[in-house]
Amino acid sequence: MKLKNIPNILSFIRLCLVAVFAVLFFKGYIGWALIVFLVAGATDVVDGFLARRYNWITNLGKILDPLADKTMQCMVLVCLCIGKYIPWWFAVPFFVKELCTLLMGVIVIKRRNVTVVSKWYGKLSVCMFYLTIAISILFYGYFRTNIVLWQIVHIPAAIIAVVSFVAYLRHYSFLKNEEIKKGNIIKGRKE
């Protein structure tokens with residue numbers, strides 16, 4: 001096994017943990033599901049660190065890493081919405097953000113053959129997501145009797161998700177405009 005493949009293996013494990021999380025959650029092992037979710041988050045941090053630190057970036061990893069992240073986050077949102085651990089309005093901005101950034105990232109990779117690097121606002125959004133999900137699960141019983149507080153706890157992460165999504169839209173729009181300018185420059189030289 002090449003060391004270069006360690007980040008890909010971690011991403012693949014994270015992808016497999018999506019199903020493990022869902023099974024544990026729906027079987028009623030909520031604490032174990034939370035642990036799986038947090039382990040998945042840890043593998044994301046480790047694989048990202050290794051890939052950047054040692055330049056172990058592969059074409060497979062460019063797709064597998066964000067796919068594993070987005071799939072886990074979307075599965076968690078679905079499960080927790082069904083179980084009423086989170087309000088439905090909390091899930092909407094995260095679904096939109098995760099699915100759109102995944103799609104935009106794939107388009108950028110295909111057209112420009114570059115590594116899509118997450119920005120600080122994306123990392124902040126993910127951290128707030130993990131924190132809010134952990135709080136939602138750990139204090140579920142308390143929030144059932146304090147509905148207003150339950151709603152309030154989810155507001156900061158939802159706002160950061162929306163701001164992050166808008167920032168990513170601006171970033172991808174910038175990349176698209178840069179691509180168009182380079183195309184025009186090349187076209188101008190040919191004529």
Side-chain angles (χ1 to χ4, degrees), residues 1-27 29 31-80 94-134 137 157 160-161 164-165 167-176 178-179 182-183 186:
M1 175 186 81
K2 292 182 181 177
L3 291 176
K4 183 177 184 172
N5 290 322
I6 292 173
N8 292 345
I9 292 167
L10 291 172
S11 292
F12 182 74
I13 289 169
R14 191 163 61 258
L15 197 55
C16 293
L17 288 177
V18 173
V20 175
F21 173 87
V23 168
L24 289 170
F25 183 85
F26 287 117
K27 292 275 187 183
Y29 299 108
W32 285 107
L34 176 59
I35 290 169
V36 166
F37 174 63
L38 296 176
V39 166
T43 65
D44 183 28
V45 171
V46 172
D47 84 50
F49 171 77
L50 292 174
R52 283 186 295 278
R53 174 87 162 104
Y54 300 108
N55 197 28
W56 291 345
I57 298 167
T58 64
N59 288 333
L60 176 62
K62 290 177 187 178
I63 301 296
L64 193 58
D65 178 60
L67 178 65
D69 297 343
K70 309 308 182 199
T71 306
M72 176 58 87
Q73 290 173 20
C74 289
M75 178 59 75
V76 168
L77 289 170
V78 168
C79 291
L80 272 81
F94 280 98
F95 262 120
V96 171
K97 174 187 161 292
E98 297 308 329
L99 295 176
C100 288
T101 54
L102 178 64
L103 179 63
M104 289 184 289
V106 168
I107 291 169
V108 168
I109 289 169
K110 285 183 87 171
R111 287 190 177 172
R112 304 185 80 205
N113 195 24
V114 295
T115 303
V116 178
V117 179
S118 57
K119 304 293 183 192
W120 68 267
Y121 41 82
K123 291 177 182 179
L124 176 62
S125 179
V126 170
C127 288
M128 286 299 293
F129 176 78
Y130 272 80
L131 179 64
T132 305
I133 293 302
I137 291 173
I160 291 171
S164 173
F165 177 61
Y168 271 115
L169 284 177
R170 290 184 59 174
H171 176 70
Y172 287 120
S173 175
F174 169 78
L175 290 176
K176 180 66 177 167
E178 191 179 79
E179 183 180 297
K182 285 182 180 179
I186 292 168

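The first residue of the sequence shown is numbered 1, and numbering continues consecutively from there. Just so you know, these numbers use all the heavy atoms, side chains as well, and skip hydrogens, waters and symmetry mates.
Atom NZ of residue Lys2 and atom CH2 of residue Trp56 lie 13.0 Å apart, to the nearest 0.5 angstrom. Rounding to the nearest 0.5 Å gives a distance of 9.5 Å between CG of Leu50 and CG of Leu3. Once rounded to the nearest 0.5 Å, the distance linking OG1 of Thr43 with CD1 of Ile13 reads 7.5 Å. If you take CG on Leu17 and CG on Leu24, they are separated by 9.5 Å, rounding to the nearest 0.5 Å. Note that NZ of Lys97 is 11.0 Å distant from CD1 of Ile160, once rounded to the nearest 0.5 Å. Note: Phe21 CZ to Met72 CE = 7.0 Å, rounded to the nearest 0.5 Å.
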- request: Before giving the answer on side chain to side chain contact (heavy atoms under 4.5 Å, CB included), spell out for Ser125 and Phe165 the whole-Å C-alpha distance, their side-chain angles and the decisive distance to 0.1 Å.
  value: CA-CA 9 Å; Ser125 179; Phe165 177 61; over 6 Å; no
task: Apply side chain to side chain contact (heavy atoms under 4.5 Å, CB included) to Leu99 and Cys74, showing your working.
output: CA-CA 9 Å; Leu99 295 176; Cys74 289; 4.2 Å; yes
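For Thr132 against Ala157, the heavy-atom pair with the smallest separation is OG1-CB, 3.3 Å. Taking each heavy atom of Gly61 and Pro66 in turn, the nearest pair found is O-CD, 3.8 Å.
Thr58 and Asn5 are not linked by any side-chain donor-acceptor pair at a separation below 3.5 angstrom, with hydrogens and angles left out of the test.
Applying the salt bridge (charged side-chain N to carboxylate O under 4.0 Å, His left out) rule to pairs touching residues 3-12 yields nothing, sequence neighbours excluded. For residues 7-24, the salt bridge (charged side-chain N to carboxylate O under 4.0 Å, His left out) pairs, not counting sequence neighbours, are Arg14-Asp44, Arg14-Asp47, Arg14-Asp65, Arg14-Asp69.
Looking only at side-chain heavy atoms (C-beta outward), Val76 and Val18 stay at 4.5 Å or farther from each other. At least one side-chain heavy atom of Tyr121 sits under 4.5 Å from a side-chain heavy atom of Tyr168. Here the side chains of Tyr54 and Ile6 are not in contact, with every heavy-atom distance at 4.5 Å or above.
By the neighbour-count criterion of 12 heavy atoms within 6.0 Å, atom CZ of Phe26 is densely surrounded, having more than that number from other residues, nucleotides or ligands. When the shell of 6.0 Å around CH2 of Trp32 is examined, it contains 12 or fewer heavy atoms from other residues, nucleotides or ligands. Within a 6.0 Å sphere centred on CZ of Phe12, heavy atoms belonging to other residues, nucleotides or ligands number 12 at most.
Looking at residues two or more places apart in sequence or on another chain, you find a ring pair (Phe, Tyr, Trp, His ring centres under 6.0 Å) between Tyr130 and Phe37.
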